[in-house]
Every structure is written in C-alpha cells, then in structure tokens.
Participant: 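The structure under discussion is supplied below as structure tokens; questions concerning it will follow.
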There are 2 protein chains.
Amino acid sequence: MSSCDTCVVRNRAICAVLDSKEVEALNGIGRRRNLEAGEALIWEGEESVLVANVIEGMLKLSTGTEDGREQIVGVAYPSDFIGRPFGARTSHSVTALTDARVCLFARKDFDRFAGEHPALEQKLLRRTLAELDRTRDWMLLLARKSAEEKVATFLLEMSSRLVEPGCEAPGDKPLDRFDLPFSRQQIGDILGLTIETVSRQMTRLKRDGVIGLPNRRAVEILDRQALEASAG
Amino acid sequence: MSSCDTCVVRNRAICAVLDSKEVEALNGIGRRRNLEAGEALIWEGEESVLVANVIEGMLKLSTGTEDGREQIVGVAYPSDFIGRPFGARTSHSVTALTDARVCLFARKDFDRFAGEHPALEQKLLRRTLAELDRTRDWMLLLARKSAEEKVATFLLEMSSRLVEPGCEAPGDKPLDRFDLPFSRQQIGDILGLTIETVSRQMTRLKRDGVIGLPNRRAVEILDRQALEASAG
DNA sequence: CGGCCTATTGAACCGGGTCAAGGTATGTGG
DNA sequence: CCACATACCTTGACCCGGTTCAATAGGCCG
C-alpha cells in the first residue's frame with residue numbers, strides 16, 4: 001500500500017487527477033521529507049533539481065538583491081506544488097516558514113512522469129495559470145498601494161487563506177480570529193515594507209478599533225467592513 | 001491552404017508543437033483580427049471568452065484600483081499567448097499598445113482543442129511557468145527598487161527585448177539604440193512610478209552620460225556598464 | 001532573575017509624489 | 001505659411017509617507 005492512500009492532500013494536490021494505479025507509480029518516484037521552520041529546500045539561481053507537493057506547513061518563495069534586500073514572491077500552502085519543472089534554472093528560493101512536510105521528486109523523474117500523464121500536466125497548467133493571476137494581482141498592491149492598504153489587504157487575505165488549516169475548500173467563510181504564520185519581518189518582506197511600518201500600521205488599526213491584537217501572533221478582526229475600506 | 005502557412009509566428013507561438021494537420025484544425029476555430037493602438041480586447045473582471053496569440057505589435061495586461069490607479073502587470077510581444085483559458089474570470093485587461101494583429105479563439109473552442117492536444121497544453125504550461133518566473137522577478141523591482149534602479153532595469157530589459165522586432169530568438173545581443181514602444185505614462189504604469197519621476201530619472205541618466213535621448217521615443221545606451229550598475 | 005529575541009515607539013530625514021508652470025513636437029485651419 | 005490647439009514631456013518647488021536610526025518594552029526560557 002502506498003503512503004499516498006493516507007495522504008491528507010491526496011484529493012487536493014495535483015495528484016487528485018490520477019487514478020490509484022497512477023498514484024502508485026508517482027509514489028514510486030517520490031519520497032516524503034520533513035522540513036524544520038527556516039530550513040531551505042531550493043536555492044535561487046541553482047539548476048532546478050527538485051519539485052514537490054506541500055503536504056503540511058507553509059513555505060515561502062523569495063528573491064533578493066545582492067545588497068540584501070529580500071522580497072517574498074509567493075507563499076505555498078498544503079496541496080500547493082513547488083519548484084520549477086521542465087529543465088530551467090530555479091529563479092526563487094524555497095524555504096520553510098513553519099515545520100513542514102513535503103512530497104519530493106527529482107525534477108527529471110517528475111518531468112518524465114508528467115510527460116506521460118497529460119491529465120497531470122493539465123492540472124498543473126490550471127494551477128499555474130491561477131497562481132499567475134494571483135501574482136499579478138499582488139503586483140498592483142506592491143506598486144500602488146499605501147502601507148495602510150497593504151497591511152489591511154494582507155490581513156484580509158490571511159483571514160480567508162487560513163480557513164481550516166490545510167483545507168482550502170472554497171465557500172468557507174473567512175476567519176475573524178487567527179494566528180499569523182509570519183513574523184513582522186516576514187510580513188514586511190511580503191508587502192514590500194519595513195518591519196517598523198508594518199508594526200505602526202497594525203497599531204493604528206488596533207487603536208482605531210478595527211482589529212484586536214491579543215498577542216504577537218494572533219489577530220482578531222473586530223470591524224471587517226472598516227478593514228475592507230482600509231484595503232482600498 | 002490555411003493562413004497559418006504564412007504566419008510569421010508559426011514557429012515561435014504555441015502552434016509550433018502542432019503538425020500541419022493539427023494547425024489546420026486550429027486554424028478552423030480561430031480568426032485574425034487587427035487592433036488599433038489603444039483598443040482593448042479583454043476587460044478586467046469579465047468572464048473569459050477570448051484567448052489569442054499575438055502575431056504582430058504589443059499589448060499590455062493591466063489592473064487598476066477603483067480610484068483610478070493603474071498598474072501594467074505584463075506586456076505581450078509577438079508569439080505570446082494572451083487571455084485566460086480554462087473557464088475562469090479574466091482578472092486583467094488586455095489593451096493594444098501599438099497597432100497589432102492577433103489570432104483569436106473563442107475560449108471554449110480553444111479549451112476543447114487544447115484538451116485534445118496534450119502537446120499544446122504542455123507548451124502552454126512551459127510558457128506559463130516562464131511567465132510566472134518573470135512576473136515574480138518583477139515583484140522584487142516593484143517592491144524594493146529605487147526609482148533610479150527601476151528605470152535603469154527597464155531600459156536594459158527593453159534593450160534585450162526589442163532585438164529584431166518580432167524575433168525573440170535567444171542568443172541575439174541586446175540593442176544599444178532603440179525606440180521605446182511606450183509613452184512616459186506607460187513606463188510609469190509598468191514601474192509603479194509617476195510620469196515625472198520617470199522623466200527625471202531619464203534626464204539624470206542622460207546628464208551623467210549613461211544614455212542618450214535623441215528624441216522622445218528613442219534611447220541610446222552609451223555606457224552599458226554604468227547602466228547595469230544603476231540597475232542594482 | 002537575567003539574557004535574548006522580537007515587537008513597539010519615537011525622532012529625524014529623504015525619496016518620490018503632488019501641484020504647477022513651461023517646453024516641444026505634431027497637427028489644423030485660416 | 002503661420003497662428004493656434006493639442007498632446008506629451010520636462011523642470012521646479014514643496015510636502016508627506018515611509019525609511020532609517022535609536023531607544024524601549026514584552027515574551028520566553030535558561
């Protein structure tokens with residue numbers, strides 16, 4: 001029996017389009033791997049050798065300039081696919097934000113398997129198109145929104161992303177209370193802001209009664225409408 | 001004889017993976033269309049009904065906020081694929097920047113055709129992955145680079161993109177003199193800057209002898225190394 | 001309790017936005 | 001052919017949001 005049978009993301013990851021025989025074959029070329037928070041899996045600029053499905057935890061995709069400025073260009077949640085298939089250079093680092101578990105493949109093995117399973121490639125194509133849309137939307141935020149709008153938008157995004165940890169079923173309503181899976185520094189790296197600005201905006205929203213901050217990781221949305229208005 | 005036989009992008013667009021019989025079939029569901037500069041083809045937020053290959057000219061993908069701020073999130077060149085296949089809402093407008101010619105498909109027809117031709121889907125997947133990489137790289141620029149770095153990066157990008165109009169064969173060396181296909185306003189919308197800041201940075205680079213500006217559309221790179229240094 | 005790490009707060013500065021005034025091409029009609 | 005209009009670009013002065021630098025405050029664990 002393959003370990004995929006008990007996989008919590010079996011029906012949400014790209015594997016969902018495969019029948020049990022195919023999933024068995026895919027299982028044969030993959031392996032599980034646990035990552036600790038902060039551990040890197042893929043480094044920017046290296047040749048692409050690994051791809052993976054996220055089973056549990058969260059990872060960041062990031063780039064940086066030589067002089068140390070960093071930007072998080074994406075966040076991978078359970079069931080997301082990470083890495084760069086089809087023989088290119090990996091242009092972004094992948095690092096675990098929390099302890100995480102992934103289902104890992106050698107890129108070459110995965111490429112070959114994908115080539116033999118068009119349904120898998122189509123699934124991956126759909127995901128990639130959706131991810132591209134989301135990434136482009138984020139560009140508007142990075143380029144044009146004020147710090148207040150950025151932070152408000154981010155909190156709203158988190159409140160709908162974090163519905164049922166590891167369960168991204170659409171239709172669930174957003175949370176009004178959740179723990180941020182990011183440090184202030186990481187929030188800054190996502191929004192293109194400094195840690196101080198993030199902190200100030202959070203304090204401001206708290207002072208205005210829009211959100212509550214019970215402790216440094218928790219967020220409570222007290223006035224969703226006001227938060228949406230702040231998001232621009 | 002199908003009009004694809006004489007198509008200038010026949011061997012560079014996604015059609016390149018199809019044999020002549022398949023291309024004939026694809027031609028049967030598509031049609032040519034000419035666009036004037038400024039003409040919109042797809043509107044943000046609408047249901048996705050059209051997809052297309054760019055044959056000639058350039059188009060922009062853009063989003064905006066309700067209060068009128070705009071951001072260009074991508075530029076499509078000849079042989080690029082535009083539109084959102086697979087039944088989603090189009091999240092970005094597509095507008096011709098120059099007079100342009102496209103090869104247009106009803107999204108439903110294209111989806112079906114693609115479903116029957118895995119090689120086409122794989123080609124599209126590869127392109128989409130590459131586009132996602134490029135888009136993510138651009139996020140670093142938008143979020144973290146200074147106005148000077150943005151403008152310098154933009155000029156370098158143009159100098160390599162505009163090699164042989166409509167010919168993106170890799171390996172060609174970048175141009176040292178070219179006409180910008182964008183107005184200052186559009187450059188601002190790409191870089192997340194105001195028109196004034198773009199203008200000032202261009203003037204600055206000119207004053208420092210890094211570039212020449214023979215007229216309002218033309219750019220001459222006089223000191224590529226200095227320009228690269230400015231790009232950060 | 002003390003050490004360490006992260007977050008908050010404060011003060012000063014500055015890059016780029018904003019507002020406003022010219023400049024420079026192109027076209028248009030007298 | 002010139003006067004004028006229009007669109008786009010450049011330049012200047014000012015100002016503000018967000019960064020920078022620096023100090024303080026909380027949590028957490030020994």
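Naming: A, B, ... by sequence-line order, numbering from 1 per chain.
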Participant: What parts of residues 197-213 of chain B reach DNA chain D, counting only heavy atoms under 4.0 Å away?
Facilitator: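 The stretch gives B/Ser199, B/Arg200, B/Thr203 as the residues lying under 4.0 Å from the strand, ordered by number.
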Participant: Nearest whole Å is fine: how far is D/dC8 P from B/Leu180 CG?
Facilitator: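 That distance rounds to 15 Å.
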Participant: Give the minimum heavy-atom separation between B/Leu142 and B/Leu191, together with the two atoms involved.
Facilitator: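 Shortest heavy-atom separation between B/Leu142 and B/Leu191 comes out as CD2-O, 3.5 Å.
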Participant: Relative to the 5' end of DNA chain C, which residue comes earlier, A/Arg144 or A/Arg216, by the nucleotide with the nearest heavy atom?
Facilitator: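 Nearest nucleotide further toward 5': that of A/Arg216.
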Participant: Judged by each residue's nearest nucleotide on DNA chain D, which is more toward the 5′ side, A/Thr194 or B/Phe182?
Facilitator: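 Counting from the 5' end, the first nearest nucleotide belongs to B/Phe182.
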Participant: Are A/Asp189 and A/Arg184 ion-paired here, with the side-chain N under 4.0 Å from a carboxylate O?
Facilitator: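 No.
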Participant: Should A/Glu39 and A/Arg33 count as an ion pair when the cut-off is N to O under 4.0 Å?
Facilitator: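 Between A/Arg33 and A/Glu39 there is a salt bridge, with a charged N closer than 4.0 Å to a carboxylate O.
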Participant: Return yes if the base of C/dC5 and the side-chain atoms of A/Gln185 contain a donor-acceptor N/O pair under 3.5 Å, otherwise no.
Facilitator: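 There is none.
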Participant: Rounded off to whole Å, could you give me the NZ-to-P distance for the B/Lys145 and C/dG15 pair?
Facilitator: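 It works out to 18 Å between those atoms.
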Participant: Just how far, in rounded Å, is C1' of C/dC19 from CD1 of B/Ile195?
Facilitator: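 So the two atoms are 14 Å apart, to the nearest Å.
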Participant: Mind running side chain to side chain donor-acceptor pair (under 3.5 Å) on B/Ser159 and B/Arg224 for me, showing each step along the way?
Facilitator: CA-CA 10 Å; B/Ser159 111; B/Arg224 181 169 291 268; 3.1 Å; yes
Participant: Round to a whole Å and report the spacing from CG of B/Asp189 to P of C/dG17.
Facilitator: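 After rounding, the gap between these two atoms is 12 Å.
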Participant: Shortest non-hydrogen contact from A/Ala218 to A/Arg177?
Facilitator: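 The answer is CB-NH1, 4.3 Å.
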Participant: In plain terms, say whether B/Arg89 and B/Glu46 are close enough for a salt bridge, that is, a side-chain N and a carboxylate O under 4.0 Å apart.
Facilitator: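 The answer is no: the pair does not qualify as a salt bridge.
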Participant: Using whole Å, report how far CZ of B/Arg69 lies from P of D/dG17.
Facilitator: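 Whole-Å distance recorded here is 13 Å.
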Participant: Have a look at B/Gly188 and say if it touches a base, only the backbone sugar-phosphate, or nothing, with a 4.0 Å heavy-atom cut-off.
Facilitator: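 B/Gly188: no heavy atom of the nucleic acid under 4.0 Å.
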Participant: Measure from CG on A/Asn215 to C1' on D/dA25 and round the result to the nearest Å.
Facilitator: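 That distance rounds to 16 Å.
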Participant: Counting side-chain heavy atoms from C-beta on, which of C/dT9, C/dC19, D/dC9 comes nearest to A/Glu196?
Facilitator: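 That would be C/dT9.
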